[in-house]
Number of protein chains: 2
Amino acid sequence: MASSTLKVKCSECPIRHRAVCARCDDDELDMLEGMKTYRSFRAGEAILWRGENLLFVASVVSGVATLSKTLEDGRTQMVGLLLPSDFIGRPGRKEIDFDVTAATDVTLCCFQRAPFEKMVDETPHVSQRLMELALDELDAARDWMLLLGRKTAREKVATFIEMLVRRSDTNVTFSFPLTLSLPLTRNQVANYIGLTFETVSRQLSALKQEQVIDFNDRRHLEILDLAALTIATGDKDADGFM
Amino acid sequence: MASSTLKVKCSECPIRHRAVCARCDDDELDMLEGMKTYRSFRAGEAILWRGENLLFVASVVSGVATLSKTLEDGRTQMVGLLLPSDFIGRPGRKEIDFDVTAATDVTLCCFQRAPFEKMVDETPHVSQRLMELALDELDAARDWMLLLGRKTAREKVATFIEMLVRRSDTNVTFSFPLTLSLPLTRNQVANYIGLTFETVSRQLSALKQEQVIDFNDRRHLEILDLAALTIATGDKDADGFM
DNA sequence: TTCGATCTTTGATCTAAATCAAATTGGATG
DNA sequence: CATCCAATTTGATTTAGATCAAAGATCGAA
């Protein structure tokens with residue numbers, strides 16, 4: 001199962017300014033140091049099962065995890081993608097209604113429930129930050145409802161790639177042609193955007209054919225024409241309005 | 001536009017124990033009385049537009065409102081349904097990314113932003129209640145992602161009806177055969193579950209044909225066989241497990 | 001370095017739901 | 001009460017994406 005990893009000091013943590021601890025001062029970081037443990041998961045490993053009692057809450061430090069729901073006959077739908085700084089677990093919630101799985105190797109910064117919840121209760125900016133993170137997830141879920149309910153296969157694939165561009169750290173450097181790592185297999189992408197892996201593959205091939213994107217290995221994408229990609233999402237009209 | 005309505009005293013409010021004010025004491029209710037206004041909207045009227053600056057936050061007192069997103073070419077997807085006690089507006093958010101529309105005649109209990117946010121900051125149980133309401137919406141959004149991404153037309157329609165049963169007040173009395181009011185047109189239902197209105201109509205006719213449900217007028221449904229309806233949702237296996 | 005497993009691509013065919021097209025119904029309005 | 005308009009039902013046809021199928025590519029392990 002999960003192995004322990006060398007703990008990084010909060011002050012040197014890569015997600016320091018985006019995670020739940022974003023607005024903590026030095027004293028508060030010291031408190032967190034005392035209740036935190038690092039845990040690592042290998043790609044493919046289960047992090048949490050649906051219905052399982054949450055023994056910890058956690059921030060994703062590195063890697064990518066998926067949230068997914070499964071119907072009895074095996075159809076599955078991803079309902080979220082956790083990237084570094086995203087949070088697992090909610091105040092007052094003892095369990096979750098989806099499975100959490102490591103898509104790549106993942107390192108979590110885990111907090112023991114009891115002391116963490118005590119800190120949340122006593123530190124308004126921490127509970128405010130949790131609220132912000134929850135509302136961001138709600139916005140993302142609603143954008144995805146539009147994608148799942150109304151977008152075409154092409155629009156779904158384009159929207160997924162654009163989301164990766166927007167959320168990945170690579171766009172900080174922003175060197176063209178933009179290269180980004182694709183943390184999911186075709187099948188996982190399909191489960192995220194409500195398609196089959198064959199359709200995902202076909203749409204990726206079409207976008208490559210049209211020189212909107214390029215790829216040679218399975219784990220990376222190059223964005224050749226971001227404007228064309230954006231148009232292909234269906235979100236904005238030709239003028240880029242909306 | 002919205003007309004004002006006679007204000008009901010908080011202590012006699014029908015949503016008193018489920019809304020954001022659920023855990024307020026008498027003093028706190030007095031504070032709320034001072035900052036609240038009732039506003040009514042006719043069926044079909046816009047309550048809020050996407051991007052509009054939120055001048056108030058509000059609880060739904062009566063009626064049903066829809067949250068929806070629209071693509072440039074007119075395809076629309078409902079991303080939420082607001083029933084009595086549901087809340088509009090979030091701490092720290094000045095605008096919303098979807099349209100809010102009255103599906104039936106709607107009465108809102110509106111709070112001025114500034115004093116309400118002050119109260120949220122000073123009253124932990126109110127901000128906790130807001131967090132609970134947001135997390136409930138997040139759970140609902142994720143259930144809907146599974147529906148939109150993976151369910152068949154039949155499963156979608158059955159799930160929608162079952163959700164109405166679960167959330168409507170009628171199930172308090174629970175007299176069989178269960179009758180419930182359908183606050184949406186076929187077209188609105190279609191926009192909620194990612195189908196066309198023709199497909200919704202066909203699936204409703206099929207469920208009627210199979211004597212799972214019955215209906216004569218457009219605005220009501222009778223549940224003849226709740227067990228069959230539940231199986232038709234695809235959520236649970238034949239034993240009702242899950 | 002080869003083997004085997006998994007992932008990916010691409011082609012052929014099928015199908016669930018969309019689209020197109022009329023009736024028909026029902027509720028609101030004068 | 002008659003009229004009208006929007007909502008609904010039902011049928012015929014089309015189509016986007018699923019499913020079925022098979023051939024490559026990639027990668028880790030022996």
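Reminder, nothing fancy here: chain letters follow the sequence lines and each chain counts from 1. On a predicted model such as this, the values are computed, not experimentally measured, just so you know.
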Trainee: Verify, without hydrogens or angle tests, whether B:Asp214 (side chain) and B:Glu222 (backbone) share a donor-acceptor contact under 3.5 angstrom.
Mentor: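 Between the backbone of B:Glu222 and the side chain of B:Asp214 there is no qualifying donor-acceptor contact (under 3.5 Å).
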Trainee: Check for me whether A:Arg186 meets the cation-pi criterion with A:Phe215, that is, NZ or CZ under 6.0 Å from the six-membered ring centre and within 45 degrees of the ring axis.
Mentor: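 Flagged: A:Arg186 positioned over aromatic ring of A:Phe215.
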Trainee: Please check if the side chain of B:Glu155 supplies one atom and the backbone of B:Thr152 the other of a donor-acceptor pair under 3.5 Å.
Mentor: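 Such a contact is found between B:Glu155 side chain and B:Thr152 backbone.
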Trainee: Check residues 187-197 of chain A and write down every donor-acceptor pair under 3.5 Å in which the side-chain atom is one partner and the other belongs to a residue at least two apart or another chain.
Mentor:
| from | atom 1 | to | atom 2 | distance (Å) |
| --- | --- | --- | --- | --- |
| A:Gln188 | OE1 | A:Thr185 | N | 2.9 |
| A:Asn191 | OD1 | B:Arg150 | NH2 | 3.2 |
| A:Asn191 | ND2 | A:Thr76 | OG1 | 3.3 |
| A:Thr196 | OG1 | A:Glu198 | OE1 | 3.4 |
| A:Thr196 | OG1 | A:Thr199 | N | 3.4 |
| A:Thr196 | OG1 | A:Thr199 | OG1 | 3.1 |

Trainee: Spell out protein contact along nucleotides 8-21 of chain C as letters: B when the base is contacted, S when just the sugar-phosphate is, - when no protein heavy atom is under 4.0 Å; keep the 5' to 3' order.
Mentor: BBBBB----SSBB-
Trainee: Quantify the bending of the helix from C:dT1-D:dA30 to C:dG30-D:dC1 as the angle between its end axes, each fitted on five pairs, to 10°.
Mentor: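 Between the axes fitted at each end of the helix from C:dT1-D:dA30 to C:dG30-D:dC1 lies an angle of 50°.
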Trainee: Rounded to the nearest Å, what distance is computed from the CG atom of residue B:Asp217 to the P atom of nucleotide D:dT8?
Mentor: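 Answer to the nearest Å: 11 Å.
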Trainee: Closer than 3.5 angstrom, by distance alone: can the side chain of B:Glu210 be matched with the main-chain N or O of B:Leu207 as a donor-acceptor pair?
Mentor: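 No, B:Glu210 side chain to B:Leu207 backbone: no donor-acceptor pair under 3.5 Å.
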Trainee: Taking the side chain as everything from C-beta on, heavy atoms only, tell me whether A:Leu81 gets closer than 4.5 Å to A:Leu67.
Mentor: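 In short, these two side chains do not touch, never coming nearer than 4.5 Å.
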Trainee: Looking only at atom types and distance, does a side-chain atom of A:Lys151 sit under 3.5 Å from a main-chain N or O of A:Thr233, one as donor and one as acceptor?
Mentor: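 At least one qualifying donor-acceptor pair exists.
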Trainee: For A:Leu182 and C:dC7, give me the distance from atom CG to atom C1', rounded to whole Å.
Mentor: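 It works out to 12 Å between those atoms.
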Trainee: Quickly work out the B:Asn216 CG to C:dT25 P distance and round it to whole Å.
Mentor: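 Rounded to whole Å, this separation is 13 Å.
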Trainee: Rounded to the nearest Å, what distance is computed from the NE2 atom of residue B:His220 to the P atom of nucleotide D:dT8?
Mentor: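 Going from B:His220 (NE2) to D:dT8 (P), I get 13 Å.
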Trainee: If you measure from CG on A:Asp139 to CH2 on A:Trp144, what distance do you get to the nearest 0.5 Å?
Mentor: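 Nearest 0.5 Å value for the CG-CH2 distance: 13.5 Å.
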